[in-house]
Amino acid sequence: MGKLGVVIVAAGKGSRMRTAESKQYLKLGQKPILVHTLQLFQNIHEVDEIILVVGETDMKRCSSYVKDYALTKVTSVQAGGAERQESVKKGLDALQPGTEWVLVHDGVRPFAAVEHVLSCFRKAQESDAAVLAVPVKDTIKIVNEAKQIKSTPDRRSLWAIQTPQAFRLSVLLDAHEQALNEGFLGTDDAMLVERMGTTVHVVEGDYYNIKITTPEDLPWAEWILQHVRGEGHR
Ligand SMILES: Nc1ccn([C@@H]2O[C@H](COP(=O)(O)OP(=O)(O)OP(=O)(O)O)[C@@H](O)[C@H]2O)c(=O)n1
Ligand SMILES: C[C@](O)(CO)[C@H](O)COP(=O)(O)O
């Protein structure tokens, strides 16, 4: 079976966190958030390689993390782009020859459960494309610029999409190429694959797999680390 590569994207500015330090480097417990995420995939047996994509100015610091935390599966640290989609593509292009499958994962999602990561990977092996997700709990409404509610989609069909997002590498590379050629910018990789007409499957994860984005997420992340996904809970 072809190799499994993981692209961890961590080249964002973290502007919604409103901290001087980019959020992926904020301490969670004793380690930067990004290190927790890298260690998650380092410790998954099925993962053959990790490509880390970071800001140009953070390359040196992240190379030190790779050494200090013995992240032996991180084969290269790449400089990301202005948009997440560009950062993903930089990571895809760095994967070693012989890579058949890829997981694309946000560096600020340290709490994906190993069992869910593997379920997502297995689903992609069957179907070429799968993403982790959870059913939406709130009622979601479509609202116009004037903050007037225009419609209320049936909640039973709404899922909050997470990462990892798992793909046959050739499928995702084609999707990125087409998006680039057409100037299409998506907020996740699944969008690029969907628009090619490939069915993307949802694999149910859990609500602990948060994307650390705004200040309110930090205490919640500390709680999850202490009570759910800490070292002792793996
Ligand atoms: N040009 C970018 C933008 C985002 N990301 C990464 O994509 C993940 C999800 O993005 P998000 O949570 O939006 O991070 P930021 O873009 O940094 O946050 P913000 O939108 O608040 O600036 C993060 O790990 C982020 O570092 C990236 O690698 N390259
Ligand atoms: C990829 C993602 O995490 C799926 O929910 C999300 O789209 C990333 O969005 P962001 O604005 O780049 O954080």
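Both ligands and their constituent atoms are indexed starting at 1 by order of listing.
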Colleague: Is it true that atom CD of Glu56 has more than 12 heavy atoms of other residues, nucleotides or ligands lying nearer than 6.0 Å?
Modeller: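 No, the 6.0 Å shell around CD holds no more than 12 heavy atoms from other groups.
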
Colleague: Any side-chain donor paired with an acceptor under 3.5 Å for Ser22 and Gln24?
Modeller: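 Their side chains do not contain a donor-acceptor pair, so the 3.5 Å distance test is not met.
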
Colleague: Is the side chain of Asn209 donor-acceptor paired with the backbone N or O of Phe111 at a distance under 3.5 Å, no angle test?
Modeller: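 Such a contact is absent between Asn209 side chain and Phe111 backbone.
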
Colleague: When you measure from the side chain of Asp138 to the backbone N and O of Ile140, does any donor-acceptor pair fall under 3.5 Å?
Modeller: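 Looks like no, no N/O pair under 3.5 Å.
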
Colleague: Taking everything shown except Lys141 itself, do over 12 heavy atoms lie less than 6.0 Å from its NZ?
Modeller: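 Yes, NZ of Lys141 has more than 12 neighbouring heavy atoms, counting only those of other groups under 6.0 Å.
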
Colleague: Mark yes or no for whether Thr198, through its side chain, and Glu194, through its backbone, hold a donor-acceptor pair below 3.5 Å.
Modeller: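 Flag not set: sc Thr198 to bb Glu194 has no pair under 3.5 Å.
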
Colleague: With a cut-off of 4.0 Å, which atoms of ligand 1 are near a heavy atom of Ser87?
Modeller: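 Here the atoms of ligand 1 in question are 1 (N), 2 (C), 27 (C), 28 (O), 29 (N).
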
Colleague: So which residues, sorted by chain and number, lie with a heavy atom under 4.0 Å of ligand 2?
Modeller: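 For ligand 2, the contacting residues are Arg16, Arg84, Asp106, Arg109, Ile161, Thr163, Thr187, Asp188, Lys211.
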
Colleague: Starting from atom 20 (O) of ligand 1, find the nearest protein heavy-atom neighbour and note its residue, name and distance.
Modeller: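 In this structure, atom 20 (O) of ligand 1 has Arg16 NH2, 2.9 Å as its nearest protein heavy atom.
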
Colleague: Among residues at least two apart in sequence or on other chains, which ones pass ring pair (Phe, Tyr, Trp, His ring centres under 6.0 Å) with Phe41?
Modeller: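 Once residues adjacent in sequence are excluded, the partners of Phe41 under the ring pair (Phe, Tyr, Trp, His ring centres under 6.0 Å) criterion are His105.
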
Colleague: With heavy atoms of Arg84 as the reference, note each atom of ligand 1 found under 4.0 Å away.
Modeller: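 Every atom of ligand 1 under 4.0 Å from some heavy atom of Arg84: 1 (N), 2 (C), 3 (C), 4 (C), 7 (O), 29 (N).
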
Colleague: Give the atom numbers and elements of ligand 1 that come within less than 4.0 Å of a heavy atom of Gly107.
Modeller: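 Going through ligand 1 atom by atom, the ones under 4.0 Å from Gly107 are 24 (O).
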
Colleague: For Arg109, which part has a heavy atom under 4.0 Å from ligand 1: side chain, backbone, both, or neither?
Modeller: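 Near ligand 1, Arg109 shows nothing, with every heavy atom at 4.0 Å or more.
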
Colleague: Examine distances only and state if a side-chain atom of Glu100 and a backbone atom of Gly2 form a donor-acceptor pair shorter than 3.5 Å.
Modeller: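 Pair found, side chain donor or acceptor close to backbone of Gly2.
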
Colleague: Is there at least one pair of N or O atoms, one from Met17 and one from ligand 1, spaced under 3.5 Å apart?
Modeller: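 No, since none of the N or O atoms of Met17 sits under 3.5 Å from an N or O of ligand 1.
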
Colleague: Only heavy atoms of Ala82, strictly under 4.0 Å: list the atoms of ligand 1 that pass.
Modeller: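 The atoms of ligand 1 under 4.0 Å from a heavy atom of Ala82 are 1 (N).
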
Colleague: Between the side chain of Thr19 and the main-chain N/O of Glu21, is any donor-acceptor distance below 3.5 Å?
Modeller: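 Confirmed, Thr19 side chain pairs with Glu21 backbone.
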
Colleague: Compare Asp188, Thr187, Asp106 and give the one whose heavy atom is closest to atom 8 (C) of ligand 1.
Modeller: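 Looking at heavy atoms only, Asp106 sits closest to atom 8 (C) of ligand 1.
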
Colleague: Give the residue and atom name of whichever protein heavy atom lies nearest to atom 14 (O) of ligand 1, and the separation in Å to one decimal.
Modeller: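 Protein heavy atom with the smallest distance to atom 14 (O) of ligand 1: Lys23 NZ, 3.3 Å.
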
Colleague: Can you confirm, on distance only, whether ligand 1 has an N/O atom lying under 3.5 Å from any N/O atom belonging to Gly81?
Modeller: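 In this structure, Gly81 places an N or O atom under 3.5 Å from an N or O of ligand 1.
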
Colleague: Counting non-hydrogen protein atoms only, what is the nearest one to atom 17 (O) of ligand 1? Give residue, atom name and distance.
Modeller: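 Answer, as residue, atom name and distance: Gly14 N, 2.7 Å.
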
Colleague: For Asp189 and His176, test the side chains for any donor-to-acceptor distance below 3.5 angstrom and give the result as yes or no.
Modeller: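 Their side chains do contain a donor-acceptor pair, which is all the 3.5 Å distance test asks for.
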
Colleague: For ligand 1, is Val53 a contact, meaning one of its heavy atoms is under 4.0 Å away?
Modeller: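 Flag not set, Val53 not near ligand 1.
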
Colleague: The criterion is ring pair (Phe, Tyr, Trp, His ring centres under 6.0 Å); which residues satisfy it with Trp159, sequence neighbours excluded?
Modeller: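 With neighbours one apart ignored, the set is empty.
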
Colleague: Are any of the N/O atoms in Ser15 less than 3.5 Å from those in ligand 1?
Modeller: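 Min N/O separation from ligand 1 is below 3.5 Å for Ser15.
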
Colleague: Check whether any side-chain N or O of Gln178 sits under 3.5 Å from a backbone N or O of Ala175 as a donor-acceptor pair, and report yes or no.
Modeller: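 No, because the side chain of Gln178 does not come within donor-acceptor range (under 3.5 Å) of the backbone of Ala175.
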
Colleague: Out of curiosity, Leu52 CG to Thr37 OG1, how far, rounded to the nearest 0.5 Å?
Modeller: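 Spacing of CG (Leu52) from OG1 (Thr37) equals 10.0 Å.
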
Colleague: Who else is in Met191's hydrophobic cluster (ILVMFWY, side-chain heavy atoms under 4.5 Å, direct or via others)?
Modeller: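 Once heavy-atom contacts under 4.5 Å are chained together, Met191 belongs with Phe184, Leu192.
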
Colleague: Among Ala10, Ser22, Gly12, whose heavy atom sits nearest atom 5 (N) of ligand 1?
Modeller: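 Going through Ala10, Ser22, Gly12 one by one, Gly12 has the nearest heavy atom to atom 5 (N) of ligand 1.
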
Colleague: Under 3.5 Å, N or O to N or O, is Val9 touching ligand 1 that way?
Modeller: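 For ligand 1, there is an N or O atom that lies under 3.5 Å from one belonging to Val9.
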
Colleague: Which protein non-hydrogen atom lies closest to atom 28 (O) of ligand 1, naming both residue and atom, and how far is it?
Modeller: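 For atom 28 (O) of ligand 1, the nearest protein heavy atom comes out as Ala11 N, 2.8 Å.
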
